[in-house]
Protein chains: 2
Amino acid sequence: MSTTGATDRGGRPALTSAHQLAAVAQALFVERGFEQTSVDDIAAAAGVSRRTFFRYFSTKADVLWVESPTEIATFRRLLDEAPATEPWRHAIIRTAPTALHHPPEERTWMLHRAQLLLTVPAVQEKAALRHDEWRRIATAFVARRRDTDEGDLVAIAAGHATLAATLGAHEYWIAHSDQDLPDLHGRFLDLLLPAD
Amino acid sequence: MSTTGATDRGGRPALTSAHQLAAVAQALFVERGFEQTSVDDIAAAAGVSRRTFFRYFSTKADVLWVESPTEIATFRRLLDEAPATEPWRHAIIRTAPTALHHPPEERTWMLHRAQLLLTVPAVQEKAALRHDEWRRIATAFVARRRDTDEGDLVAIAAGHATLAATLGAHEYWIAHSDQDLPDLHGRFLDLLLPAD
DNA sequence: TCGACTTTTGACACACCGTGTCATAACCTG
DNA sequence: CAGGTTATGACACGGTGTGTCAAAAGTCGA
């Protein structure tokens with residue numbers, strides 16, 4: 001979370017960081033649009049070369065998912081830690097909104113991110129892989145709880161429902177940003193998850 | 001469906017057609033992989049220039065959605081024609097599988113298509129736009145039936161549920177291709193659509 | 001202080017995607 | 001045969017993402 005448990009084994013110090021690049025890039029996206037911003041622009045604004053950008057992110061759009069590995073890992077961990085007595089439906093409704101929760105000071109950042117994600121087609125495309133990962137976590141969890149494999153019909157349905165609820169909650173939130181995202185998320189999950 | 005109500009206003013006859021290009025392209029995708037197939041390869045195999053390919057399809061992946069406009073239009077039409085007495089939940093469960101229905105002789109073609117769609121990341125990405133359109137049709141329909149706008153929470157949820165069910169059914173079908181896709185589709189819809 | 005090691009960086013070069021432009025080919029009708 | 005119409009091919013261009021390699025800028029040990 002905070003600073004580096006990284007062991008310093010010498011070598012040239014980095015000129016930038018993933019988070020700094022992400023901040024610079026997202027600011028440019030918001031300001032002049034995603035497709036109107038080239039990787040050259042981002043690199044120049046961050047004071048590094050284009051090649052360096054691609055060492056931090058394998059795709060231009062990837063800067064929007066800097067937090068994603070953390071969120072994904074949190075979701076997986078929370079489900080792993082869910083008490084065996086808790087029904088899987090309840091566990092998902094409880095953990096999914098928590099995994100995506102961010103402190104209030106990151107709210108406008110999140111809102112901008114969500115708007116880019118749901119509005120810009122080129123960005124929406126790149127979301128597919130992340131969505132898949134998110135979905136698979138839920139599917140695997142439900143399969144475990146139901147003592148089946150990941151080919152289980154209900155588990156597959158639950159996975160897709162989890163993703164659908166997450167996207168739906170964000171879509172609704174964009175238009176009603178005064179409301180509480182985790183709360184909305186829970187309501188969508190309750191509406192869409194199949195019966196236990 | 002079958003041949004051309006197109007008025008012939010003269011001009012040079014086309015060397016190829018969207019369907020022929022799509023067939024050639026999908027065959028190459030299945031044979032050697034999507035990313036291992038360049039547009040140059042497709043064009044060469046079809047006997048036209050690269051530029052011509054992009055006049056028929058605006059993206060390499062678009063060949064996989066030749067049938068999409070028809071399916072989308074059918075879904076929209078079927079919902080428009082649904083009797084006002086039919087509950088919206090039932091109407092979606094009835095019409096969505098029908099709109100995606102294809103004659104048996106196109107089965108292997110559909111199976112290949114579905115496998116590419118759910119397996120190859122680069123293809124999955126391009127699906128986002130089509131999925132959005134599919135989802136919006138359901139959302140708009142539910143909003144109409146509930147006398148609300150497309151910002152309605154239940155309508156949004158129903159839209160995402162419709163898409164989730166469609167994807168889930170295809171995913172399940174890939175692993176159990178002996179079963180009936182429309183039937184699976186209906187079961188997923190029944191499982192995921194929120195209560196009326 | 002000097003040299004060996006490690007890591008980050010920048011400079012090129014390259015394949016591919018998708019777009020704009022323009023001349024040419026191949027059909028129609030009068 | 002002339003003029004209109006449509007499809008095509010050739011070419012150039014900006015952008016993305018990748019591979020390669022030499023140079024920069026630190027660390028540590030002798």
Side-chain angles (χ1 to χ4, degrees), chain A residues 4-22 24-26 28-29 32-65 116 120-130, chain B residues 4-22 24-26 28-29 32-65 116 120-130:
Chain A
T4 75
T7 50
D8 188 353
R9 288 174 307 181
R12 177 173 176 171
L15 290 182
T16 181
S17 69
H19 276 86
Q20 188 211 328
L21 277 178
V24 169
Q26 178 159 323
L28 288 177
F29 293 163
R32 67 171 97 154
F34 178 80
E35 299 183 280
Q36 285 67 43
T37 306
S38 75
V39 175
D40 278 302
D41 296 334
I42 301 171
V48 295
S49 75
R50 200 176 74 96
R51 193 63 184 85
T52 292
F53 175 90
F54 282 112
R55 288 204 181 88
Y56 284 87
F57 299 100
S58 52
T59 289
K60 182 170 81 166
D62 273 12
V63 296
L64 297 173
W65 285 278
L116 286 168
V120 183
V123 177
Q124 234 173 325
E125 294 184 358
K126 297 297 181 179
L129 297 183
R130 318 290 173 155
Chain B
T4 75
T7 51
D8 187 355
R9 288 172 309 182
R12 175 174 178 170
L15 291 182
T16 181
S17 68
H19 276 86
Q20 189 212 327
L21 276 178
V24 169
Q26 178 160 322
L28 289 178
F29 293 164
R32 67 172 98 154
F34 178 81
E35 299 181 281
Q36 285 68 41
T37 306
S38 76
V39 176
D40 279 301
D41 296 333
I42 302 170
V48 295
S49 75
R50 201 176 73 97
R51 193 62 185 88
T52 292
F53 174 89
F54 283 113
R55 288 202 181 88
Y56 284 87
F57 298 100
S58 53
T59 288
K60 181 171 81 166
D62 274 11
V63 295
L64 298 173
W65 285 278
L116 286 168
V120 184
V123 177
Q124 236 173 324
E125 295 184 358
K126 297 297 182 179
L129 297 182
R130 317 290 173 156

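Proteins come first, then strands; the chains are lettered A, B, ... in the order of their sequence lines, and each starts at number 1.
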Trainee: Between C:dA26 atom P and B:Leu15 atom CG, what is the distance in whole Å?
Mentor: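 Taking CG of B:Leu15 and P of C:dA26, I get 9 Å after rounding.
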Trainee: With no hydrogens and no angle check, is any side-chain donor or acceptor of A:Ser49 less than 3.5 Å from a backbone partner on A:Thr52?
Mentor: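 The answer is yes, because a donor-acceptor pair under 3.5 Å joins these two groups.
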Trainee: Which part of the nucleic acid does B:Ser38 contact within heavy-atom distance under 4.0 Å: base, sugar-phosphate only, or nothing?
Mentor: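 Here B:Ser38 touches the backbone only, sparing every base.
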Trainee: Closer to the 5' end of DNA chain C via nearest nucleotide, is it B:Arg12 or B:Phe53?
Mentor: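 Here B:Phe53 is the residue nearer the 5' end.
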Trainee: Rounded to the Å, how far apart are B:Ile42 CD1 and C:dG18 C1'?
Mentor: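 Whole-Å distance recorded here is 13 Å.
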Trainee: Give a yes/no on whether any side-chain N or O of B:Ser49 is located under 4.0 angstrom from OP1 or OP2 of D:dT8.
Mentor: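 False: B:Ser49 side-chain N/O out of range (4.0 Å or more) of D:dT8 OP1/OP2.
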Trainee: Can you give me the closest heavy-atom contact between B:Ala46 and B:Val24, atom names plus distance?
Mentor: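 For B:Ala46 and B:Val24, the tightest heavy-atom pair comes out as N-CG1, 4.2 Å.
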Trainee: Any idea which of C:dT19, C:dT8, D:dT18 is nearest the B:Ser58 side chain?
Mentor: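 Selected nucleotide: C:dT19.
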Trainee: A:Val48 or B:Glu35: which one's nearest nucleotide on DNA chain C is closer to the 5' end?
Mentor: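 Taking each residue's closest nucleotide, the earlier one in sequence belongs to A:Val48.
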Trainee: Within the modelled atom types, does a donor on one side and an acceptor on the other bring the side chain of A:Arg50 and the base of D:dG15 under 3.5 Å apart?
Mentor: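 Counting by modelled atom types and ignoring angles, no donor-acceptor contact under 3.5 Å is found here.
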Trainee: What is the distance from CZ of A:Phe57 to P of C:dT8, rounded to the nearest Å?
Mentor: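 It is 15 Å, rounded to the nearest whole Å.
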Trainee: Roughly how many Å is it from CZ in B:Arg55 to P in C:dC17, rounded to a whole number?
Mentor: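 B:Arg55 atom CZ is separated from C:dC17 atom P by 17 Å.
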Trainee: Which one, D:dG9, D:dG17, D:dT18, comes nearest to the side chain of A:Lys60?
Mentor: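 Of the options given, the side chain of A:Lys60 lies nearest D:dG17.
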Trainee: In whole Å, what is the span from the CZ atom of B:Phe54 to the P atom of D:dG9?
Mentor: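 B:Phe54 atom CZ is separated from D:dG9 atom P by 14 Å.
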Trainee: If I take atom CG from residue A:Leu15 and atom CG from residue A:Leu21, how far apart are they, to the nearest 0.5 angstrom?
Mentor: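 With rounding to 0.5 Å, CG (A:Leu15) is 10.0 Å from CG (A:Leu21).
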Trainee: Which part of the nucleic acid, if any, lies within contact of B:Thr16, taking any heavy atom under 4.0 Å across all strands shown: a base, the sugar-phosphate backbone alone, or nothing?
Mentor: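 The residue B:Thr16 makes sugar-phosphate contact but no base contact.
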Trainee: In whole angstrom, what separates A:Glu125's CD from D:dG15's P?
Mentor: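 These atoms are roughly 18 Å apart.
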Trainee: A:Lys126 side chain N/O closer than 4.0 Å to the phosphate oxygens (OP1, OP2) of D:dT16?
Mentor: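 Answer is no, no contact under 4.0 Å.
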Trainee: Using only atom types and a distance under 3.5 Å, with no angle test, would you say the side chain of B:Ser17 pairs donor to acceptor with the backbone of B:Gln20?
Mentor: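 Side chain of B:Ser17 to backbone of B:Gln20, a donor-acceptor pair under 3.5 Å: yes, one is there.
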Trainee: May I ask you to decide if A:Ile42's main-chain N or O and A:Lys60's side chain share a donor-acceptor pair within less than 3.5 Å?
Mentor: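 Flag not set: sc A:Lys60 to bb A:Ile42 has no pair under 3.5 Å.
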Trainee: Would you say a side-chain N or O of A:Tyr56 is under 4.0 Å from OP1 or OP2 of C:dT8?
Mentor: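 No, A:Tyr56 has no side-chain N/O under 4.0 Å of OP1/OP2 on C:dT8.
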Trainee: Quick check on DNA chain D: between A:Arg51 and A:Asp40, whose nearest nucleotide comes earlier from the 5' end?
Mentor: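 Per heavy-atom nearest nucleotide, the more 5' residue is A:Asp40.
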Trainee: Check the phosphate of D:dT16 against A:Thr59, side-chain N and O only, distance under 4.0 Å to OP1 or OP2. Yes or no?
Mentor: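 It does not, given that no N or O in the side chain of A:Thr59 lies less than 4.0 Å from OP1 or OP2 of D:dT16.
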